[in-house]
Amino acid sequence: MNYLSVGDMAQSFQMRQHNLQLKTAMTTLTEEVISGIKQDLGAAVSGDFISLAGIDRSLTMLESYDIATTEADLIAGTMQQSLQTLRSLNDGIGVALLSAATTATKPMIDATVNDAATRFDTLISTLNTNLAGRYLFSGAATDTRPLPGADVILAALSSELSGVTDASDAITRIDNWFDDPAGFAATQYQGDASRSQIRIAEGEVTRIEITAIDPALRDAMKGFAMAALLAEGLFSGDLEAWSSLVTAAGERVIQGDDTLAGLAANLGTVEARIADAKVRNGAERSALEIARTELIGADPYESASALEAVRTQLETIYTLTSRLSSLSMTDYLR
């Protein structure tokens with residue numbers, strides 16, 4: 001029988017080469033078992049990366065939509081909570097103001113208008129809600145507080161009432177100041193009238209239009225502002241004028257609650273649209289991930305079996321190397 005002799009250096013080189021190849025294969029197979037994705041993408045797609053690139057692009061876009069919808073949902077949800085806070089301010093105070101007006105006793109009116117004045121402060125603070133550095137009711141100018149303090153607003157309104165002599169005139173001026181674009185909106189609002197669009201899905205955008213100068217919010221302010229002016233001494237000593245203004249304040253608080261309910265309902269529609277977009281984006285992402293796995297996914301059983309085979313071969317090389325390295329001239333001559 002003939003044998004092919006291999007020199008020691010050649011044999012050593014050959015063993016190192018096999019060792020390196022097996023280690024490389026083991027690393028590749030280990031990554032495939034862990035990630036479930038084939039490491040040789042070119043072979044997996046037969047050199048055609050168009051489909052894979054399209055899927056990856058869509059998944060990247062969906063990630064950005066996920067961030068956008070999460071942000072939009074947080075903004076809309078916080079604004080909805082703010083509207084509910086404003087509506088809670090109306091609880092009972094409108095009826096209390098009307099009741100105080102009919103009793104025509106100053107202590108009753110004082111107690112009620114002071115309560116309403118405190119609620120006016122809370123109303124303005126709520127409209128100045130800041131979420132993670134963003135003022136929600138400032139439109140596109142999210143870095144600017146939409147309204148000054150309640151005291152500043154009342155001071156400006158008091159100036160509008162300069163020279164007023166009766167309750168009817170005062171009521172008209174207050175209504176006009178809040179309704180006129182050149183009044184409250186122009187002198188007190190510090191935000192922007194518009195809001196940036198938020199893209200929540202492919203070809204779909206949403207915009208939360210509510211700002212601190214929304215007509216419904218201005219309507220909600222009127223009654224509280226009237227009561228707050230009375231608390232500051234408007235028509236002090238004129239019980240009849242006080243009673244008339246308190247009645248008007250109570251009526252406007254009750255009407256303001258209705259307009260706030262409509263505003264909350266509209267915002268709820270936007271929230272539902274955002275939620276629908278999140279569900280659709282999630283379903284699309286799942287479908288794309290399945291398609292990507294089918295395209296370049298590694299069979300876990302096949303990869304695990306190949307990994308075990310490589311491990312066995314590597315152990316065999318280590319065993320052979322150990323035995324070959326223990327040979328000696330004495331053992332050879334025996």
Side-chain angles (χ1 to χ4, degrees), residues 75-101 112-113 115-129 135-139 146-148 150 153-154 156-157 160 168 170-195 206-230 244-273:
I75 291 173
T78 304
M79 293 182 77
Q80 187 69 264
Q81 292 176 4
S82 296
L83 293 181
Q84 296 308 314
T85 298
L86 297 184
R87 293 198 66 194
S88 70
L89 295 176
N90 295 338
D91 288 347
I93 191 64
V95 174
L97 287 168
L98 293 177
S99 176
T112 308
V113 296
D115 183 15
T118 301
R119 298 189 187 204
F120 182 65
D121 285 338
T122 304
L123 187 155
I124 299 303
S125 296
T126 301
L127 292 179
N128 284 330
T129 295
Y135 290 98
L136 302 184
F137 292 92
S138 288
L147 298 174
I153 296 174
L154 291 177
L157 187 53
E160 289 295 315
S168 177
I171 293 169
T172 300
R173 291 194 190 186
I174 292 171
D175 283 339
N176 290 341
W177 188 71
F178 277 106
D179 293 337
D180 188 354
F184 171 80
T187 63
Q188 304 302 305
Y189 183 60
Q190 302 167 118
D192 194 290
S194 63
R195 182 174 290 276
T206 189
R207 180 182 297 176
I208 303 173
E209 303 285 358
I210 303 172
T211 67
I213 55 171
D214 189 282
L217 294 176
R218 283 184 283 163
D219 285 344
M221 294 182 206
K222 291 178 183 177
F224 290 105
M226 288 181 182
L229 289 173
L230 290 175
S244 297
L245 206 60
V246 169
T247 299
E251 291 172 347
R252 280 154 183 74
V253 167
I254 294 173
Q255 293 169 0
D257 187 59
D258 292 336
T259 59
L260 284 176
L263 196 62
N266 292 337
L267 183 56
T269 301
V270 175
E271 288 182 287
R273 185 179 180 188

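If you read the sequence from its start, that first residue is 1, and numbering goes on from there.
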(message) Rounded to the nearest 0.5 Å, what separates atom CE in M79 from atom OG1 in T211?
(response) 8.0 Å
(message) Donor-acceptor check, side chain of D180 to backbone of N176, threshold 3.5 angstrom: yes or no?
(response) no
(request) Check whether any side-chain heavy atom of T112 lies under 4.5 Å from a side-chain heavy atom of V246, and answer yes or no. (result) no
(request) Please report the shortest heavy-atom distance between L127 and P146, naming the atom on each side. (result) O-CG, 3.3 Å
(request) Please lay out, stage by stage, how F137 and N128 fare under the test side-chain contact (heavy atoms from CB on, under 4.5 Å). (result) CA-CA 7 Å; F137 292 92; N128 284 330; over 6 Å; no
(request) Look at the aromatic rings of F178 and F184 and report parallel, tilted or perpendicular, splitting at 30° and 60°. (result) tilted
(message) Do L97 and T247 have side chains that approach each other closer than 4.5 Å (heavy atoms only, starting at C-beta)?
(response) no
(message) Please give me the minimum heavy-atom distance between A227 and V113, naming the atom from each residue.
(response) O-CB, 3.6 Å
(request) Measure the shortest side-chain to side-chain distance between I153 and P148 over non-hydrogen atoms and say whether it is less than 4.5 angstrom. (result) yes
(message) Show the nearest heavy-atom pair for residues S82 and T129, with the distance to one decimal.
(response) OG-OG1, 3.6 Å
(request) Answer yes or no: is there a side-chain heavy-atom contact under 4.5 Å between K222 and D179? (result) yes
(message) So which atom in M221 and which in A212 form the shortest heavy-atom distance, rounded to 0.1 Å?
(response) CE-O, 3.5 Å
(request) Quick one: which residue pairs count as a side chain to side chain donor-acceptor pair (under 3.5 Å) with a foot in residues 83-98, not counting sequence neighbours? (result) Q80-Q84, R87-D257, N90-D257
(message) Do L229 and I174 make a side-chain contact, defined as non-hydrogen atoms from C-beta onward lying under 4.5 Å apart?
(response) yes
(message) Contact between L136 and I208 at the side-chain level, heavy atoms closer than 4.5 Å - yes or no?
(response) no
(message) If I compare all heavy atoms of A156 with all of Q188, which pair ends up nearest, and what's the gap?
(response) CB-NE2, 3.3 Å
(message) Are the side chains of L217 and L83 in contact, using a 4.5 Å heavy-atom criterion?
(response) yes
(request) Only counting residues at least two apart or in another chain, list the ones meeting salt bridge (charged side-chain N to carboxylate O under 4.0 Å, His left out) with R218. (result) none
(message) For a quick test of reading the model, state the closest non-hydrogen atom pair linking L154 to A228 and the distance between them.
(response) CD1-CB, 3.7 Å
(message) Checking the side chain of S125 only, and the main-chain atoms of D121 only, is there a donor and an acceptor separated by less than 3.5 Å?
(response) yes
(request) List the steps and the verdict of side-chain contact (heavy atoms from CB on, under 4.5 Å) for T259 and L263. (result) CA-CA 6 Å; T259 59; L263 196 62; over 6 Å; no
(message) If you define the side chain from C-beta out and look only at heavy atoms, does anything of R252 sit under 4.5 Å from D219?
(response) no
(request) To the nearest 0.5 angstrom, please state how far the CG atom of L123 sits from the CG atom of L260. (result) 8.0 Å
(request) Could you tell me whether a side-chain N or O of R173 sits under 3.5 Å from a main-chain N or O of E160, the two making a donor and an acceptor? (result) yes
(message) Working note: D175 + M226, criterion side-chain contact (heavy atoms from CB on, under 4.5 Å); need CA distance, chi angles, decisive distance, verdict.
(response) CA-CA 10 Å; D175 283 339; M226 288 181 182; 3.8 Å; yes
(request) Output the distance between atom CG (L147) and atom OH (Y135), rounded to the nearest 0.5 Å. (result) 11.0 Å
